[in-house]
Amino acid sequence: MAFEYNYSARATAMRPSPIRELFKMIQRPGMISFAGGLPDPAIFPVEEFAGCGEVLRERGKEVLQYGATEGYRPLVLEIAHRMEPLLGRPVAPEEVVISSGSQQVMDMLSRVLFDPGDVVVAEAPTYPGALHTFRAAGARFALVPCDGEGMRTELLAGAIEASRRATGRLPKLIYTIINYSNPSGACLAERRRRELAEVAERYGIPVLEDDPYGELRYAGTRVPTLFSMAPGGVVYASSFSKVLAPGVRVAWAVGDAGLIRKMVIAKQGMDLCTSVVAQALVTEYCRRGHLDGHLGKIRAHYAAKAAAMGAALNEHLPPGAVAFSAPTGGFFFWVGLSVDGQELFKRAVEEGVAFLPGDTCFPDRDETVGEPHDGRRFARLCFTFAQPAEIGEGARRLARALQRA
């Protein structure tokens with residue numbers, strides 16, 4: 001007889017990550033995947049990164065040991081230095097924490113900010129991984145719709161007030177992917193950033209400014225960070241996953257020192273410290289000047305792929321069946337559909353192409369405070385992982401699936 005576990009209420013409410021589960025379905029040979037937000041391994045800086053392994057000979061007795069939960073000190077200082085122009089002021093080491101991937105930043109914040117039933121204000125659509133982490137902490141969601149310029153911040157105060165009326169208290173966090181959002185691809189306009197900063201300050205609600213794609217701009221000029229516009233209360237987070245390689249599992253957050261200290265204490269109960277070996281290798285990679293050179297290469301590489309996907313979708317998909325705007329950075333096309341996304345996904349997998357159905361980028365109705373949003377007629381397509389020949393063939397297969405859906 002199997003042993004029966006008495007699971008906690010939180011564990012009972014858990015659900016699997018939709019993206020992780022999709023990977024199980026699309027691993028068959030010949031499948032063209034636009035589903036996962038994966039960097040292209042063809043552009044990984046393997047030789048340069050391998051050369052940085054010399055740091056193990058030089059500092060092996062240090063980096064093979066346990067490290068400080070806050071992060072490997074040379075990397076903390078490197079991050080503080082790199083962030084100063086972006087964030088608009090000097091960054092002190094105690095304002096930085098190094099995490100095991102950017103998902104852990106969300107987890108740390110959840111543990112220090114949320115009680116069960118608290119509300120997160122999020123743009124709609126939003127990153128499924130954030131929904132997964134925040135709901136695991138017992139949070140609910142108040143949604144602010146997006147358009148081509150990101151979160152419609154003129155609706156933000158109304159969403160906050162509606163949440164307060166429904167719950168009797170203010171939301172605990174505003175979450176936004178500020179540049180080339182996952183999944184919408186939108187970049188929040190500067191005037192909206194200023195309005196978001198003003199509304200957050202007025203209500204005293206902290207903001208998580210999630211920025212994994214900010215360095216991947218293919219057109220236009222960089223917009224100032226939200227962090228640089230606000231007097232405090234903004235946590236800026238980014239990662240080496242998209243600009244170096246996801247396998248290093250090194251990310252970081254910058255915020256008010258008191259909050260960062262609470263996050264460090266939460267992290268002590270998670271993994272003690274981020275891999276010191278990985279942090280040392282990343283530090284050496286940056287110290288040698290490789291990162292800045294690599295950014296130019298990946299921008300050109302991914303810009304060409306974005307153009308290829310836009311051309312392939314325009315060429316092969318039936319007129320009127322889809323609607324999209326070409327992104328100016330990041331990894332994703334957000335596509336409006338004339339059919340149900342889940343039904344199309346089933347047909348697409350049969351044709352040998354996969355994407356992420358749009359409904360995974362919205363919380364469920366029962367976990368939404370205020371007006372729910374329906375993502376069933378949307379799809380997220382990632383253009384970075386597939387190779388050039390696969391992008392065109394994938395669009396042809398998607399066209400066949402649309403004809404059958």
Between Tyr213 and the options Tyr180, Tyr218, Phe331, the ring-ring contact (aromatic ring centres under 6.0 Å, His included) test singles out Phe331
With ring centroids as reference points, do Phe355 and Phe345 lie under 6.0 angstrom apart? yes
Determine whether Thr133 and Gln103 satisfy the following criterion, side-chain hydrogen bond (donor to acceptor under 3.5 Å, both in side chains), listing intermediate values before the conclusion. CA-CA 8 Å; Thr133 299; Gln103 199 85 13; 2.7 Å; yes
Tell me, do Phe227 and Val254 make a side-chain contact under 4.5 Å, heavy atoms counted? yes
Which atoms form the tightest heavy-atom contact between Arg202 and Ala157, and what is the distance? NH1-CB, 4.3 Å
Using a strict 4.0 Å threshold on nitrogen-to-oxygen distance, state whether Arg135 and Glu367 make a salt bridge. yes
Determine whether a donor-acceptor pair (N or O, by modelled atom type, separation under 3.5 Å) exists between the side chain of Ser239 and the backbone of Ala251. no
Parallel, tilted or perpendicular for Phe134 and Tyr175, by the 30°/60° rule? perpendicular
Report, as yes or no, whether the 6.0 Å neighbourhood of atom CZ on Arg365 holds more than 12 heavy atoms from other residues, nucleotides or ligands. no
Would you check, one step at a time, whether the test side-chain hydrogen bond (donor to acceptor under 3.5 Å, both in side chains) holds for Glu215 with Asn179? CA-CA 9 Å; Glu215 295 284 4; Asn179 293 307; over 6 Å; no
If we ignore hydrogens and angles and just use 3.5 Å, is the side chain of Arg57 paired with the main-chain N or O of Gly60 as donor and acceptor? no
Go through Thr167 and Arg140 one step at a time and tell me if the side-chain hydrogen bond (donor to acceptor under 3.5 Å, both in side chains) criterion holds. CA-CA 10 Å; Thr167 66; Arg140 293 181 291 168; 5.5 Å; no
Heavy-atom nearest pair, Ala35 first then Arg380, reads O-NH2, 2.5 Å
Considering all heavy atoms, the nearest Ala237-Val105 contact: CB-CG1, 4.0 Å
Would you say Tyr302's side chain and Asp40's backbone share a donor-acceptor pair under 3.5 angstrom? yes
Between Cys52 and Leu281, the two heavy atoms sitting closest are O-CD2, 3.5 Å
Given 3.5 Å as the limit, does a donor-acceptor pair link the side chain of Asp340 with the main chain of Gln342, or not? yes
Centroid separation Trp334 to Phe378 less than 6.0 Å: yes
Short side-chain to backbone donor-acceptor contact, Ser228 and Pro224, under 3.5 Å: no
Sidechain-backbone polar pair: Lys305 side chain, Ile391 backbone, donor-acceptor under 3.5 Å: no
Evaluate the salt bridge (Lys or Arg N to Asp or Glu O under 4.0 Å) criterion for residues Glu198 and Arg194: first the C-alpha distance (whole Å), next the side-chain angles of each, then the deciding distance (0.1 Å), finally the verdict. CA-CA 6 Å; Glu198 186 276 323; Arg194 297 193 184 281; over 6 Å; no
Would a 4.5 Å heavy-atom cut-off, applied to side chains only, mark Phe44 and Pro246 as touching? yes
Test item: Thr283 side-chain N/O and Pro74 main-chain N/O as donor-acceptor pair under 3.5 Å: no
So which atom in Cys382 and which in Met309 form the shortest heavy-atom distance, rounded to 0.1 Å? O-CE, 3.8 Å
Indicate yes or no: does Arg89 engage Glu95 in a salt bridge with an N to O separation below 4.0 Å. yes
Going by heavy atoms in the side chains, are Asp118 and Leu173 under 4.5 Å from each other? no
Quick check: do Leu313 and Val322 have side-chain heavy atoms less than 4.5 Å from each other? no
Between Gln279 and Ile98, does the side chain to side chain contact (heavy atoms under 4.5 Å, CB included) criterion hold? Intermediate values first, please. CA-CA 9 Å; Gln279 292 183 77; Ile98 307 298; 3.4 Å; yes
Are side-chain heavy atoms of Val264 and Ile260 found at a separation under 4.5 Å? yes
If you measure from the Lys or Arg side-chain nitrogens to the Asp or Glu carboxylate oxygens, is any gap between Arg377 and Asp359 under 4.0 Å? no
Do the charged groups of Glu161 and Arg164 touch, with an N to O distance under 4.0 Å? yes
In Å, rounded to the nearest 0.5 Å, how long is the span from OG1 of Thr176 to CG of Leu208? 9.0 Å
For the pair Glu209 (side chain) and Val235 (backbone), establish whether a donor and an acceptor sit closer than 3.5 Å, ignoring hydrogens and angles. no
Qualifying residue for side-chain contact (heavy atoms from CB on, under 4.5 Å) with Lys172, from Leu109, Asp115, Val121: Asp115
Looking at CG of Leu188 and OG1 of Thr225, how far apart are the two atoms once the value is rounded to the nearest 0.5 Å? 11.5 Å
Regarding Glu48 and Arg288, does a basic nitrogen lie under 4.0 Å from an acidic carboxylate oxygen? no
Within a 6.0 Å radius of atom CZ on Phe385, are there more than 12 heavy atoms belonging to other residues, nucleotides or ligands? no
Of all heavy-atom pairs between Phe141 and Pro363, which one has the smallest distance, and what is that distance? CD1-CB, 3.6 Å
Near-ring test Phe383/Phe333, centroid separation under 6.0 angstrom: yes
I need the Leu131 CG to Thr360 OG1 distance, nearest 0.5 Å. 8.5 Å
Tell me whether the rings of Phe240 and Trp252 are parallel (<30°), tilted (30 to 60°) or perpendicular (>60°). tilted
Is it true that Arg192 and Glu195 make a salt bridge, defined as a side-chain N closer than 4.0 Å to a carboxylate O? no
Are there more than 12 heavy atoms of other residues, nucleotides or ligands under 6.0 Å from atom CZ of Arg299? yes
Checking Val144, Thr153, Val207 against Ile174 for side-chain contact (heavy atoms from CB on, under 4.5 Å), the one that qualifies is Val207
When you check the gap from the basic side-chain N to the acidic O, do Arg152 and Glu123 get nearer than 4.0 Å? no
Would you check if Val276 and Gln65 make a side-chain contact, meaning some heavy-atom pair closer than 4.5 Å? no
Please examine the side chains of Ile178 and Tyr236, heavy atoms only from C-beta on, and report whether any two atoms are closer than 4.5 Å. no
In Å and rounded to the nearest 0.5 Å, what is the OG1 to CG distance from Thr384 to Leu216? 9.0 Å
Atom pair CZ/CD of Arg111 and Gln104 - distance to nearest 0.5 Å: 8.5 Å
Note: Lys267-Glu70 ion pair, threshold 4.0 Å (strictly below): no
Could you check Arg400, Arg396, Arg397 and say which one makes a salt bridge (charged side-chain N to carboxylate O under 4.0 Å, His left out) with Glu351? Arg400
Would you say Thr69's side chain and Leu272's backbone share a donor-acceptor pair under 3.5 angstrom? yes
Are Glu284 and Arg287 close enough for a salt bridge, meaning some N to O gap below 4.0 Å? yes
Between Asp211 and Lys242, is the salt bridge (Lys or Arg N to Asp or Glu O under 4.0 Å) condition met? List the steps. CA-CA 10 Å; Asp211 190 23; Lys242 305 302 188 292; over 6 Å; no
So Ile160 and Pro171, do their side chains get closer than 4.5 Å, heavy atoms only? yes
